[in-house]
Amino acid sequence: MAKKKITIDKIDVKVSAVAIVSSEPLYRLCWLINQQLGWQLAESEKLNVINPAYNEMQGFFMFDWIEQETENHYYIIQNKGAQGIFDTTIKYVDYWLRIEGDADIANLCIKLKTVKEIQMIQPVDRKKFEKKSLVFKFPLIDNVAM
């Protein structure tokens, strides 16, 4: 019997990231963003990642929302968990805002700066960090160990 190989074309989705520094807990930060920007971020399943340095599972809390008009998918991911750091490319980051889709990052950062509990917003250069950063991996689920 002949073997058949099924291939799936790579889906090309634009992934952007914004580094966020805030002393607020994740649930409160997301609530503040929802209030200020009219978003509907909601808690999703914990993101579990295998840390290659220690070969152990780490869990990070995450909120997400899909904007119906643009179909952009927004994630806010905890960067510092009880077991370590989710993405070590920029260690001082408290949270990552990951956007799948074609979003206006400059305009988004301006809107996020209106949330007074956010101390710093910094767009992240994909070309500089893409190869070693978990935030830019697509799909995000590929990073999850089941």
Examine [X] and [Y] and state if one hydrophobic cluster contains both, with Ile, Leu, Val, Met, Phe, Trp and Tyr joined whenever side-chain heavy atoms are less than 4.5 Å apart.
X: Val115; Y: Ile105; result: yes
X: Val21; Y: Ile77; result: yes
X: Leu108; Y: Trp31; result: yes
X: Val15; Y: Leu41; result: no
X: Ile110; Y: Val124; result: no

TODO: Indicate whether the side chain of Tyr92 and that of Gln122 have a donor and an acceptor atom separated by less than 3.5 Å.
DONE: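 On atom types as modelled, these side chains qualify, holding a pair under 3.5 Å.
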- Side-chain donor-acceptor contact under 3.5 Å, Tyr95 with Gln78: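 No - no donor-acceptor pair under 3.5 Å links their side chains.
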Checklist entry - So do Glu67 and Tyr74 actually touch side chain to side chain, heavy atoms under 4.5 Å? => result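 Yes - at least one pair of side-chain heavy atoms lies under 4.5 Å apart.
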Point to revise | Side-chain heavy atoms of Glu43 within contact of Phe61, under 4.5 Å | key: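 Yes - at least one pair of side-chain heavy atoms lies under 4.5 Å apart.
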Could you give the distance from [atom1] ([X]) to [atom2] ([Y]), rounded to the nearest 0.5 Å?
X: Gln36; Y: Ile118; atom1: CD; atom2: CD1; result: 9.0 Å
X: Met62; Y: Glu45; atom1: CE; atom2: CD; result: 8.0 Å
X: Glu117; Y: Ile33; atom1: CD; atom2: CD1; result: 10.0 Å
X: Thr70; Y: Ile99; atom1: OG1; atom2: CD1; result: 10.5 Å
X: Gln35; Y: Cys30; atom1: CD; atom2: SG; result: 12.0 Å
X: Glu24; Y: Gln119; atom1: CD; atom2: CD; result: 8.0 Å

Requested in this report: Show the numbers, then the answer: is there a side-chain contact (heavy atoms from CB on, under 4.5 Å) between Asp87 and Trp96?
Outcome: CA-CA 9 Å; Asp87 193 314; Trp96 291 100; 3.5 Å; yes
Closest non-hydrogen atom pair between [X] and [Y], with its separation:
X: Ser16; Y: Lys14; result: OG-CE, 3.9 Å
X: Ile85; Y: Phe60; result: C-CZ, 3.6 Å
X: Leu37; Y: Lys111; result: CD1-O, 3.8 Å

Does Leu29 form a side-chain contact (heavy atoms from CB on, under 4.5 Å) with Ile20? I'd like the steps, not just the answer.
CA-CA 10 Å; Leu29 176 66; Ile20 298 174; 4.3 Å; yes
**Prompt:** Going through the checks in order, is the side-chain contact (heavy atoms from CB on, under 4.5 Å) test met by Leu112 and Leu97?
**Reply:** CA-CA 11 Å; Leu112 286 169; Leu97 170 58; 3.6 Å; yes
Fill in: Gln58 and Asn48: CA distance, side-chain angles, deciding distance, side-chain contact (heavy atoms from CB on, under 4.5 Å) verdict
CA-CA 6 Å; Gln58 295 177 309; Asn48 294 309; over 6 Å; no
Open item on the list: Would the distance check show the side chain of Asn79 and the main-chain N or O of Val93 forming a donor-acceptor pair, the cut-off being under 3.5 Å?
Closed with: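 Yes, the answer is positive, given that a donor and an acceptor are paired below the 3.5 Å cut-off.
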Q.
Other residues, nucleotides and ligands only: do more than 12 of their heavy atoms fall within 6.0 Å of NZ on Lys80?
A.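 Counting other residues, nucleotides and ligands, NZ of Lys80 exceeds 12 neighbours.
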Let me know which of Tyr75, Phe63, Trp65 forms a ring-ring contact (aromatic ring centres under 6.0 Å, His included) with Trp39.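 The ring-ring contact (aromatic ring centres under 6.0 Å, His included) with Trp39 is passed solely by Trp65 among Tyr75, Phe63, Trp65.
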